[in-house]
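One structure below.
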Amino acid sequence: MKVQENVELLPYNTFGIKAKAKHFTTVGSIAEAQALLTSDLFRKEKHFFLGGGSNVLLTKDYDGLVVKVEMKGKDIVREDDDTVTLKVGAGENWHALVMHCVAQGWGGVENLSLIPGTSGAAPMQNIGAYGVEIKKNIFGVETLEIGSGNVVNFSNEACQFGYRESIFKHDAKDKFLISSITLTLTKRNHKYNISYGAIEETLKQNGVGTLSVKDISDAVIHIRQTKLPDPSRIGNAGSFFKNPSIHADLHDFLQKRYPSIPSYPAPDDLIKIPAAWLIEQCGWKGKRFDNIGVHEHQPLVLVNYGGGEGEKIWELAMNIQASVKEKFDIVLHPEVNVL
Ligand SMILES: Cc1cc2nc3c(=O)[nH]c(=O)nc-3n(C[C@H](O)[C@H](O)[C@H](O)COP(=O)(O)OP(=O)(O)OC[C@H]3O[C@@H](n4cnc5c(N)ncnc54)[C@H](O)[C@@H]3O)c2cc1C
């Protein structure tokens, strides 16, 4: 186990923030991870598991051990005429995995094309896009328990998935390292979801007749490339806030005042409001403050134009949160993990 000191984290986060980790190491196998999780250093120091760093905002140097999870592997564990079950190492790049599935004609994750980060982080916040969440395909999640290094498997149900939520952000937070995920994918009779966003329209523009997994993936990639800033060019971590769900009485009150307020049904009789709309109504869209700001097309995305500080981005996020609360009496909760 090689532990480095004082490591610059700039290359390891898509926001492009400069911050140092007191200690930094990588784990590429279960055995390496078990040795680390039961080591004295690990017991002594606070720790942070890092995948692709695409859902993290570093507001200061990290006074502990950053562990970059790099377990690789894609293995078929079960297959029949209809489905394939695939075990994927936590360190596998998510989009590359989706491309692998698309190339095989396996269905289920095509709407989740081009989401940055690793496969191991996917269940953390139950990644979702264009009407699909990964919970639909997760068969199980394999973890290593901190302290003992024991393998603990979570079934889909045990993961307690919700909108951008799982048990790993709550009761199981900081207790497990995710070592692999197991996905069930369809080989035929795919159930496509094209009703969300501009997928259907893009498919029409592309002249697509009989649908394939690849057609949908191509459409999603096209839409994402035109709408979202590419983190390799402008630092960002995707949506900064989750879309809030509100009670019907608050919704009715707001609808009288703002007749154009967009809304969608949410579980538990709640109503979901797009956070991007709320932020735009408060005048933040496209606002720039030195080298940080709110994206000009997608107000839910906070950006670092280069050299921005994490602390300043967090300050901006808190100002946005306060203004939305003041205008709409709605509290926005960050989706991004703030360190
Ligand atoms: C341009 C852009 C677009 C995005 N679009 C979407 C989108 O459409 N939908 C969506 O849901 N998200 C989106 N995201 C957010 C992000 O890509 C996902 O949340 C992704 O799953 C994060 O993966 P990561 O490997 O980068 O995780 P990291 O940012 O490295 O970590 C995220 C969290 O997971 C924990 N973690 C990571 N790996 C492990 C592990 N192996 N074991 C235990 N804990 C771990 C970390 O400690 C941290 O708390 C977007 C981000 C960007 C930059």
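When reading the values below, keep in mind they use all heavy atoms of this one structure, side chains included, and skip hydrogens, waters and symmetry mates. In what follows, residues are counted from 1 in the order of the sequence shown. We count ligands from 1, going down the list as the structure has it; atoms in each ligand are counted the same way.
When Leu339, Ile115, Leu177 are ranked by how near their heavy atoms come to atom 13 (C) of ligand 1, first place goes to Ile115. Relative to atom 7 (C) of ligand 1, the option among Gly238, Gly128, Ser113, Pro123 with the closest non-hydrogen atom is Gly128. For atom 35 (C) of ligand 1, the choice among Lys175, Met71, Met124 with the nearest heavy atom turns out to be Met124. For atom 21 (O) of ligand 1, the nearest non-hydrogen atom from the set Leu144, Ile127, Val338 comes from Ile127. By heavy-atom distance, the residue among Lys227, Arg224, Glu335 lying nearest atom 6 (C) of ligand 1 is Arg224.
For atom 31 (O) of ligand 1, the closest non-hydrogen atom on the protein side is Val56 CG2, 4.0 Å. When only non-hydrogen protein atoms are considered, atom 27 (O) of ligand 1 lies nearest to Ala121 CB, 3.3 Å. Counting protein heavy atoms only, atom 20 (C) of ligand 1 is closest to Pro116 O, 3.5 Å.
The side chain of Thr14, and not its backbone, has at least one atom closer than 4.0 Å to an atom of ligand 1 (non-hydrogen atoms only; side chain from C-beta on).
For ligand 1, one of its N or O atoms has an N or O atom of Ser54 under 3.5 Å away. Considering backbone and side-chain atoms alike, Gln125 places an N or O below 3.5 Å from some N or O of ligand 1. Residue contacts with ligand 1: Ile178 is placed with a nitrogen or oxygen under 3.5 Å of a nitrogen or oxygen of the ligand (distance criterion only). Between Gly51 and ligand 1, a contact under 3.5 Å exists for at least one N or O pair.
Residues passing the salt bridge (Lys or Arg N to Asp or Glu O under 4.0 Å) test with Glu309, sequence neighbours excluded: none.
In this structure, Leu50 and Asn13 have side chains that are not in contact, with every pair of non-hydrogen atoms separated by 4.5 Å or more. A 4.5 Å side-chain heavy-atom check between Val132 and Leu112 finds at least one atom pair inside the cut-off.
Residue contacts with ligand 1 include Arg164, since one of its heavy atoms falls under 4.0 Å from the ligand.
In this structure, Gly310 and Ile17 approach most closely via the heavy-atom pair N-CD1, 3.6 Å.
Residues Glu335 and Arg164 are paired through a salt bridge, judged by an N-O separation under 4.0 Å between the basic side chain and the carboxylate.
Among residue pairs with one or both ends in residues 127-152, those qualifying as salt bridge (charged side-chain N to carboxylate O under 4.0 Å, His left out) are Lys87-Glu142, Glu133-Lys135; sequence neighbours excluded.
Stacking of Arg257 on the aromatic ring of Phe328 is not recorded, the 6.0 Å distance cut-off and the 45° axial limit not both being met.
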